[in-house]
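The block underneath contains the structure these notes are about, expressed in structure tokens.
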There are 2 protein chains.
Amino acid sequence: MANPLKAASRTLDSFDRAILRIVQRDNKTPQRAIAEAVHLSTAAVQRRIAAMEKAGIIRWNAALVDPDAISLGITSIVEVHLSDERTATVDRAKALFRAAPEVQQCYYVTGGTSFVLVIVSPDMRVYEATTRRLFSENAFVASFRSLIALDRVKAGMELAIP
Amino acid sequence: MANPLKAASRTLDSFDRAILRIVQRDNKTPQRAIAEAVHLSTAAVQRRIAAMEKAGIIRWNAALVDPDAISLGITSIVEVHLSDERTATVDRAKALFRAAPEVQQCYYVTGGTSFVLVIVSPDMRVYEATTRRLFSENAFVASFRSLIALDRVKAGMELAIP
DNA sequence: AATGAAATCCCAACGTG
DNA sequence: CACGTTGGGATTTCATT
């Protein structure tokens with residue numbers, strides 16, 4: 001996991017991409033249904049899915065949970081600026097954010113802003129406590145800016161597969 | 001889908017949350033394994049999962065695909081400012097972003113910035129074309145700022161279930 | 001909520017182009 | 001080498017108590 005860009009070694013043909021388009025939306029689709037949709041046998045579909053899982057092309061199979069259902073009503077996007085951009089500092093920040101359960105997503109970005117995080121919290125009080133723990137109480141965080149989500153217009157992980 | 005905050009009607013007990021913690025990481029876990037992990041019968045697990053799917057608590061079951069594997073190496077976070085915040089304008093923007101396949105995620109946010117998007121592209125050339133189509137060529141977009149991801153430190157949809 | 005039966009699905013082995 | 005067909009084993013699903 002040390003390398004940010006781990007190239008996927010397998011070459012995907014149009015069958016693979018067609019399968020991905022389906023399981024991306026519903027990975028519980030029966031292989032028989034997939035098979036007839038892409039005009040392949042169930043065994044071929046099975047082999048390709050297994051290969052793509054092993055190659056890391058399918059990273060994992062997840063049930064996507066509605067945050068509101070479990071009282072995590074606050075979604076916030078946070079821009080975080082570090083005090084410096086030395087490798088050691090950046091790595092410490094990455095480790096911190098990766099380990100924090102409240103941090104649903106974390107991107108290290110260009111453009112002056114060092115990180116963009118997506119944080120999910122039950123309410124504002126807890127959110128404020130989280131920001132204090134992750135940002136205010138860390139010397140290597142110079143500043144941060146919170147954008148509170150009023151509407152999760154689109155909040156999946158779906159990709160437009162070419 | 002008109003209401004941004006659709007309250008989930010079902011009340012979750014600790015069994016439900018325990019199940020969610022498991023299927024969130026791997027929704028292909030056999031029900032028997034879930035059952036013994038949470039100390040319930042397989043039938044009970046089965047019924048609870050079905051109920052949570054019907055209630056929308058489990059929004060969908062997805063295979064998460066590695067963007068690099070399908071030549072979508074550029075991930076970008078974009079802040080978008082609208083020319084005005086009238087309802088009609090905001091709704092038009094929401095519809096546009098929701099319909100765009102390149103837009104993986106879209107949040108309508110407070111704090112002066114109207115939207116935060118996550119956009120996935122095969123390369124910079126295509127990314128630039130996308131920004132032109134979605135932002136530069138739309139009169140209701142006043143400005144936007146791109147933050148290119150150097151590292152997807154954490155890029156799932158997992159929630160810390162309380 | 002638990003039990004058991006029926007249907008379905010997954011997966012490995014074999015044979016073929 | 002990858003595909004398709006076939007069969008056994010496991011899992012999900014439904015009906016009953």
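Sequence lines set the chain letters: A, B, ... in the order given, protein chains first and strands last, and positions in each chain run from 1.
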Legend entry - N-O pairing of Arg86(A) and Asp84(A) below 4.0 Å: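 Yes, this pair counts.
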For [X] against [Y], the heavy-atom pair lying closest together:
{"X": "Asn27(A)", "Y": "Ala62(B)", "value": "ND2-O, 3.6 Å"}
{"X": "Val65(A)", "Y": "Leu159(B)", "value": "O-CD1, 3.5 Å"}
{"X": "Leu82(A)", "Y": "Ser114(A)", "value": "N-OG, 3.4 Å"}

Legend entry - Five-pair end axes of the helix from dA1(C)-dT17(D) to dG17(C)-dC1(D), angle between them (10°):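 End-to-end axis angle for the helix from dA1(C)-dT17(D) to dG17(C)-dC1(D): 20°, rounded to 10°.
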Provide a list of protein-nucleic acid N or O atom pairs under 3.5 angstrom, restricted to nucleotides 1-6 of chain C.
{"residue": "dA2(C)", "atom": "OP2", "partner": "Ser41(B)", "partner atom": "OG", "Å": "3.1"}

Inset, instruction - Please find out if less than 6.0 Å separates the ring center of Phe115(B) from that of Tyr107(B). - result: no
Rounded distance in Å - [atom1] ([X]) to [atom2] ([N]):
{"X": "Asn27(A)", "N": "dC9(C)", "atom1": "CG", "atom2": "C1'", "answer": "14 Å"}
{"X": "Glu36(A)", "N": "dT8(C)", "atom1": "CD", "atom2": "P", "answer": "14 Å"}
{"X": "Lys28(B)", "N": "dC9(C)", "atom1": "NZ", "atom2": "P", "answer": "14 Å"}

Inset, instruction - Check side-chain contact (heavy atoms from CB on, under 4.5 Å) between Arg17(A) and all other residues, then give those that pass, not counting sequence neighbours. - result: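 Applying side-chain contact (heavy atoms from CB on, under 4.5 Å) to Arg17(A) gives Leu12(A), Ser14(A), Arg21(A), Ile161(A).
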Legend entry - Leading and trailing nucleotides of DNA chain D with any atom under 4.0 Å from heavy atoms of chain B: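 Boundary nucleotides touching chain B, in 5' to 3' order, are dT11(D) to dT13(D).
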Inset, instruction - Would you mind listing every salt bridge (charged side-chain N to carboxylate O under 4.0 Å, His left out) that reaches into residues 132-146 of chain B, with sequence neighbours excluded? - result: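 Every salt bridge (charged side-chain N to carboxylate O under 4.0 Å, His left out) pair that includes a residue of residues 132-146 of chain B, provided the two are not neighbours, is Glu79(A)-Arg145(B), Glu79(B)-Arg145(B), Glu102(B)-Arg133(B), Glu128(B)-Arg132(B).
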Inset, instruction - Check side-chain hydrogen bond (donor to acceptor under 3.5 Å, both in side chains) between Asp91(A) and all other residues, then give those that pass, not counting sequence neighbours. - result: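 With sequence neighbours excluded, Asp91(A) shows a side-chain hydrogen bond (donor to acceptor under 3.5 Å, both in side chains) to no residue whatsoever.
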Inset, instruction - I would like to know whether Asp68(A) and Arg59(B) meet salt bridge (charged side-chain N to carboxylate O under 4.0 Å, His left out); could you show each step before the answer? - result: CA-CA 11 Å; Asp68(A) 293 325; Arg59(B) 290 186 305 162; over 6 Å; no
Legend entry - Geometric cation-pi criterion Lys94(A) and Tyr108(A), 6.0 Å radius, 45° cone: yes
